[in-house]
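A quick write-up on the structure given underneath.
Note on naming: letters A, B, ... go to the chains in the order of the sequence lines (proteins, then strands), and numbering restarts at 1 for each one. All heavy atoms count here, side chains included; hydrogens, waters and symmetry mates do not. None of these values were measured; they are calculated from a predicted model.
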Number of protein chains: 2
Amino acid sequence: MGYETGDGTVGKALGVLDHVASFGRPVRFSEVLTQSDLPKPTLYRFIQSLTNQNMLSYDPDRQTYAPGLRLLRLAHSAWEQSSLAPVARPFLDALSNEVGEAVHLAQIDNGQVLFIDKRKAQAGFDTLAQAGQVAPAYCTGVGKVILAYMDDARRTRALQQQAFLAYTAATHTSVATLEREFDAIRAEGVAFDREEHEAGIISIAAPILTHGDRVIGALSIATTTQRHCINGLGGFRATLSETAVKIGAEARSWQSPTTV
Amino acid sequence: MGYETGDGTVGKALGVLDHVASFGRPVRFSEVLTQSDLPKPTLYRFIQSLTNQNMLSYDPDRQTYAPGLRLLRLAHSAWEQSSLAPVARPFLDALSNEVGEAVHLAQIDNGQVLFIDKRKAQAGFDTLAQAGQVAPAYCTGVGKVILAYMDDARRTRALQQQAFLAYTAATHTSVATLEREFDAIRAEGVAFDREEHEAGIISIAAPILTHGDRVIGALSIATTTQRHCINGLGGFRATLSETAVKIGAEARSWQSPTTV
DNA sequence: AAACAAAGTTTCAAATAATGAAACTAGTTT
DNA sequence: AAACTAGTTTCATTATTTGAAACTTTGTTT
């Protein structure tokens with residue numbers, strides 16, 4: 001899986017960037033090399049170029065590479081220019097205050113859930129879901145609700161990118177059982193995460209739609225089983241859905257020609 | 001200014017990415033083209049590749065390009081793997097609580113100040129709305145203190161990248177006057193921003209050093225002239241410097257072989 | 001200290017991919 | 001319908017990437 005769909009040199013270089021980032025820690029050149037199918041000098045030059053460009057940073061003491069600072073600047077720009085994140089911000093604040101639980105805003109990137117923004121619960125367990133963090137789509141509330149509302153072509157493609165790893169006993173481990181849930185999700189208008197990704201963590205998620213039907217993201221309220229049961233979370237459905245609808249409407253008008 | 005130091009195709013493509021991001025809003029292909037020295041098909045293909053790769057996102061309704069979601073994921077990874085940001089986080093929390101003013105953590109990227117983490121005066125969140133922001137180095141507290149503690153080679157290069165635009169009446173508008181201040185900064189151990197970037201905003205900044213002398217970033221306390229005068233800010237010097245030293249020590253030990 | 005091993009870097013001819021002038025298509029305006 | 005503009009494709013030329021091999025540097029073992 002990944003982006004390597006033959007975008008020439010650029011695609012290869014970005015593949016290397018992802019590869020380095022995927023280690024989750026600073027890595028040496030040789031470590032990357034052993035896991036790469038690129039020949040040594042080729043990989044070497046890509047890493048050199050990326051380092052020159054500040055897309056990677058190099059620690060001379062430890063001789064390791066890690067994703068570079070330039071990415072922060074670019075991501076900041078991406079966040080601000082996103083048609084969803086800045087629009088949704090005040091709604092997240094309001095919802096977070098109202099329900100007193102963790103609130104997450106997510107989109108799909110390359111088949112994975114990508115958290116765009118979050119609010120912590122006041123009582124403060126840390127969901128670790130910071131902006132930029134990724135999670136699987138098939139076993140999270142936001143992921144499942146986005147999948148359920150996608151058009152068939154995109155969903156088919158996204159489903160092929162799911163790993164179906166059993167994180168907990170409740171995790172879907174095949175396309176079949178997951179697809180069966182999609183009808184229920186569309187009927188209810190929300191998806192639940194019943195400890196499918198992490199034991200003790202549950203959530204309720206609603207889709208964010210523009211132009212009435214196209215799903216552009218999802219909003220969720222997440223909590224622990226110690227604080228709420230699934231039925232209790234269901235009590236947030238009206239508030240959550242209303243907020244998601246408002247964000248969708250706002251995002252839509254923001255995109256309309258009138259504003260610019 | 002920029003990174004275009006002949007890193008072949010990769011460098012050019014990343015130049016295009018920066019270019020698109022620099023608009024600060026979604027742009028059409030033709031808008032980029034008029035400001036680019038690349039021929040039409042070349043620019044077109046770069047934008048296509050970057051879009052394929054999710055480094056740019058394309059809005060089909062408005063036919064515009066903006067920095068893409070993939071950057072958020074990569075930046076999250078960059079932040080977490082940075083040798084400074086995760087280490088400094090608890091110290092920022094503590095300092096912010098103690099002084100009750102805005103606290104900033106910054107590094108230098110391509111001659112510019114890049115904010116790695118922030119704490120608001122009241123109580124806020126550190127999403128990418130804040131981290132990833134850039135500011136000029138020559139007229140900010142964090143920028144000046146980093147420049148003052150850089151080695152000569154790096155400082156010379158960084159100074160060439162400064163625009164010396166007069167944001168306010170107090171802004172340094174030439175290398176000469178700025179360089180004169182560096183001695184004072186090194187003597188005092190902190191730099192002040194005396195409304196040099198924005199009227200009404202002042203700050204005190206201390207360098208973060210590893211291995212005793214190499215500057216890897218800066219920490220600042222920022223406030224408004226309505227709340228404090230420069231002398232009042234000076235009262236934070238001891239606390240600020242102590243925190244900066246602690247962060248430096250921690251970052252250093254984090255990098256040392258013992259931890260891994 | 002010498003020999004060895006491993007990691008990192010450079011070379012250079014061959015292979016491949018990028019290039020850009022021009023042509024073409026789709027959508028708008030006159 | 002013609003003229004114009006923005007976006008897209010073509011294709012021969014050109015420049016860049018490629019990778020086996022050689023080389024250098026760094027660290028480890030004898």
Side-chain angles (χ1 to χ4, degrees), chain A residues 2-20 23 25-68 255-258 260, chain B residues 2-20 23 25-68 211 255-260:
Chain A
Y3 296 98
E4 289 90 310
T5 355
D7 278 301
T9 310
V10 176
K12 286 182 216 164
L14 294 175
V16 171
L17 181 59
D18 253 24
H19 189 191
V20 172
F23 281 84
R25 60 178 173 82
V27 277
R28 294 190 69 133
F29 167 66
S30 57
E31 295 183 83
V32 186
L33 181 62
T34 53
Q35 288 193 19
S36 173
D37 39 4
L38 295 172
K40 191 153 66 151
T42 303
L43 181 69
Y44 178 74
R45 277 177 305 232
F46 277 136
I47 288 184
Q48 288 282 83
S49 293
L50 290 168
T51 305
N52 266 331
Q53 296 283 325
N54 269 348
M55 298 296 277
L56 289 176
S57 71
Y58 178 66
D59 179 339
D61 296 329
R62 318 203 65 199
Q63 297 187 93
T64 54
Y65 297 89
Q255 286 180 342
S256 82
T258 51
V260 181
Chain B
Y3 296 98
E4 291 90 309
T5 356
D7 277 301
T9 308
V10 176
K12 286 182 216 164
L14 294 175
V16 171
L17 181 58
D18 254 24
H19 189 191
V20 172
F23 281 84
R25 60 177 172 82
V27 277
R28 293 189 71 131
F29 168 65
S30 56
E31 294 184 84
V32 186
L33 181 62
T34 53
Q35 288 193 20
S36 174
D37 40 3
L38 295 173
K40 191 154 66 150
T42 303
L43 181 68
Y44 177 74
R45 277 177 303 231
F46 277 136
I47 288 184
Q48 288 282 83
S49 293
L50 291 168
T51 305
N52 266 332
Q53 296 284 324
N54 268 350
M55 298 296 277
L56 289 177
S57 70
Y58 178 65
D59 179 340
D61 296 329
R62 319 203 65 201
Q63 297 188 87
T64 54
Y65 298 89
H211 303 96
Q255 287 180 341
S256 82
T258 51
T259 358
V260 181

Grab the [atom1]-[atom2] distance between [X] and [N] for me, whole Å please.
X: A:Leu33; N: C:dA6; atom1: CG; atom2: C1'; value: 12 Å
X: B:Gln48; N: D:dT10; atom1: CD; atom2: P; value: 13 Å
X: B:Tyr65; N: D:dA6; atom1: OH; atom2: C1'; value: 11 Å
X: B:Gln35; N: D:dA6; atom1: CD; atom2: C1'; value: 17 Å
X: B:Tyr58; N: D:dT8; atom1: OH; atom2: C1'; value: 12 Å
X: A:Gln63; N: C:dT9; atom1: CD; atom2: C1'; value: 12 Å
X: A:Leu38; N: D:dG19; atom1: CG; atom2: P; value: 7 Å
X: A:Glu31; N: C:dA6; atom1: CD; atom2: P; value: 16 Å

Is [X] close enough to [N] that one of its side-chain N or O atoms is under 4.0 Å from OP1 or OP2 there?
X: A:Thr42; N: D:dG19; result: yes
X: B:Lys12; N: D:dT16; result: no
X: A:Thr9; N: C:dA18; result: yes
X: B:Ser30; N: D:dG7; result: yes

When rounded to the nearest 0.5 angstrom, what is the spacing between NZ in B:Lys40 and CZ in B:Phe29? 6.5 Å

Nearest 0.5 Å, what's the CG-CD distance between A:Asp7 and B:Gln53? 4.5 Å

Most 5' of A:Tyr44 and A:Val10 on DNA chain C, judged by nearest nucleotide: A:Tyr44

Answer yes or no: is there a side-chain heavy-atom contact under 4.5 Å between [X] and [Y]?
X: A:Tyr65; Y: A:Val32; result: no
X: A:Leu43; Y: A:Ser36; result: yes
X: B:Thr9; Y: B:Phe46; result: yes

Over all strands shown, is B:Arg45 touching base, sugar-phosphate only, or nothing at heavy-atom distances under 4.0 angstrom? base

With heavy atoms under 4.0 Å as the rule, sort B:Pro41 into base, sugar-phosphate or nothing. base

Classify the side chain of B:Lys40 versus the base of C:dG20 as yes if they form a donor-acceptor pair under 3.5 Å and no if they do not. no

Which nucleotide in the set C:dA21, C:dT19, C:dG8 lies at the smallest distance from any side-chain heavy atom of A:Phe29? C:dG8

Which of C:dA7, D:dT18, D:dA20 is nearest the side chain of A:Arg28? It is C:dA7

